[in-house]
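Notes follow the structure.
Computed from a predicted structure; not experimentally measured.
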Amino acid sequence: MKIRVSPLASLLFIAVLLAAFYSSSEAADSQTSFEDNFSIMWSEDHFKTSEDGQTWYLSLDKETGCGFQTKQRYRFGWFSMKLKLVGGDSAGVVTAYYMCSENGAGPERDELDFEFLGNRTGQPYLIQTNVYKNGVGSREMRHMLWFDPTEEFHSYSILWNNQQIVFFVDRIPIRVYKNNGEKNDFFPNEKPMYLFSSIWNADDWATRGGLEKTDWKRAPFVSSYKDFSVEGCQWEDPYPACVSTTTKNWWDQYEAWHLSDSQKMDYAWVQRNLVIYDYCKDYERFPKLPGECSLSPWD
């Protein structure tokens, strides 16, 4: 009798194997203190570290949230962090993990976003991704996750080169955003970016469109971080040599310009089962779809 294995079981098995394989390498790259890589952006009293300095905690209360950013800027590379999200009733709370070309939300910024949208107890966390070019975003996708992101640490990563931007969760590609090889107004590839993370109150929109408000009796809300890893072109003014020679690095070689066959299988499963919103399919919002929506993630 032929036994059929469900796609979910296969994906979970792959995720476990990948986590075991990459945990040692990511940890080896991240055995430095928080101060080596990051600076606090605001509310230093809402930031804590573990005794060994390897785990970092951001907290949100009714007064303020907290955030940090890398000391260095990068243009292209692989950027990864392990996060454990706010547990319990986190409606209205957003944990953001993103790259941005500016310290503030400037009108000409480039940006690559992971945003984790809090929930009422028992409801699934949603993950929202977005891409900005010269201050223009509105390129949202929303996914469910195949695990509870509040129970354990999971890795969230961005691969960024001149051919594509790929958002990964535990090394599984959940979103592929392609370039067309021409000068355009949708693919951010000119400005170096910092990496940021923050926790903040967004109960005007984050949970059920703002219907569910933050329950401040449950504060403080705490998100946890560890194992920051970056393999990228570190920016140096006026122009770093590595930008013009990136093909010497794995993250901008031919294999990194496309999904591998195994990644395509994972990506197809995600598209069938976990996508709950895709701006490229929102014809009410965009009667004429943005140009980048015509680019195939499979190429």
_Set out, in order, the CA-CA distance, both residues' side-chain angles and the distance that settles salt bridge (Lys or Arg N to Asp or Glu O under 4.0 Å) for Glu115 and Arg142, then state yes or no._
CA-CA 9 Å; Glu115 291 179 315; Arg142 288 188 179 184; over 6 Å; no
Just by distance, with hydrogens left out, do [X] and [Y] show a side-chain donor and acceptor under 3.5 Å apart?
X: Asn134; Y: Lys191; value: yes
X: Tyr239; Y: Arg75; value: yes
X: Gln54; Y: Lys226; value: no
X: Asn161; Y: Asn189; value: no
X: Thr129; Y: Asp113; value: no
X: Trp257; Y: Asp252; value: yes
X: Ser80; Y: Ser155; value: no
X: Asp61; Y: His46; value: yes
X: Glu111; Y: Asn130; value: no

Quick one: closest heavy-atom pair of [X] and [Y], and the distance?
X: Tyr279; Y: Cys293; answer: CE1-SG, 3.8 Å
X: Gly92; Y: Thr214; answer: CA-OG1, 3.5 Å
X: Asn162; Y: Phe187; answer: O-CE2, 4.0 Å

*Does the pair Lys133/Glu292 count as a salt bridge with the N-to-O cut at 4.0 Å?*
no
*Are Glu140 and Arg285 close enough for a salt bridge, meaning some N to O gap below 4.0 Å?*
yes
*Does Arg139 make a cation-pi contact with Tyr177, if we ask for NZ or CZ under 6.0 Å from the ring centre and within 45° of the axis?*
no
Report yes if the side chains of [X] and [Y] come closer than 4.5 Å at any heavy-atom pair, otherwise no.
X: Val166; Y: Arg175; value: no
X: Val222; Y: Val86; value: no
X: Ile127; Y: Val169; value: yes
X: Trp42; Y: Thr64; value: yes
X: Leu289; Y: Phe286; value: yes
X: Glu102; Y: Met193; value: no

*asked:* If we ignore hydrogens and angles and just use 3.5 Å, is the side chain of Ser43 paired with the main-chain N or O of Gly65 as donor and acceptor?
replied: yes
_Any side-chain to backbone donor/acceptor pair from Gln271 onto Ala268? Under 3.5 Å, distance only._
no
*asked:* Classify the ring geometry of His154 against Phe147: parallel below 30°, tilted from 30° to 60°, perpendicular beyond 60°.
replied: parallel
*Parallel, tilted or perpendicular: rings of Tyr194 and Phe196 (30°, 60°)*: perpendicular
*Dump the intermediate steps for ring-ring contact (aromatic ring centres under 6.0 Å, His included) on Phe228 and Trp56, then the final yes or no.*
CA-CA 10 Å; Phe228 171 64; Trp56 322 313; 7.3 Å; no
More than 12 heavy atoms of other residues, nucleotides or ligands under 6.0 Å from [atom1] of [X]: yes or no?
X: Gln253; atom1: CD; value: yes
X: Asp45; atom1: CG; value: yes
X: Lys71; atom1: NZ; value: yes
X: Lys48; atom1: NZ; value: no
X: Gln234; atom1: CD; value: yes
X: Met41; atom1: CE; value: yes

_Rounded distance (nearest 0.5 Å) linking atom NZ of Lys178 with atom CG of Asp299_ = 6.5 Å
*asked:* Rounded at 0.5 Å granularity, tell me how far NE2 in His143 sits from CG in Leu145.
replied: 9.0 Å
*Evaluate the criterion side-chain hydrogen bond (donor to acceptor under 3.5 Å, both in side chains) for residue pair Thr70 and Asn37; output intermediate values, then yes/no.*
CA-CA 5 Å; Thr70 54; Asn37 290 308; over 6 Å; no
Would a line drawn from the ring center of [X] to the ring center of [Y] be shorter than 6.0 Å?
X: Tyr74; Y: Phe79; value: yes
X: Tyr225; Y: Tyr57; value: no
X: Phe76; Y: Trp160; value: yes
X: Tyr267; Y: Trp298; value: yes
X: Phe116; Y: Tyr156; value: yes

*Tell me, which pairs form a side-chain hydrogen bond (donor to acceptor under 3.5 Å, both in side chains) where one or both residues lie in residues 86-100, sequence neighbours left out?*
Asp89-Arg120, Ser90-Asn119, Ser90-Tyr125
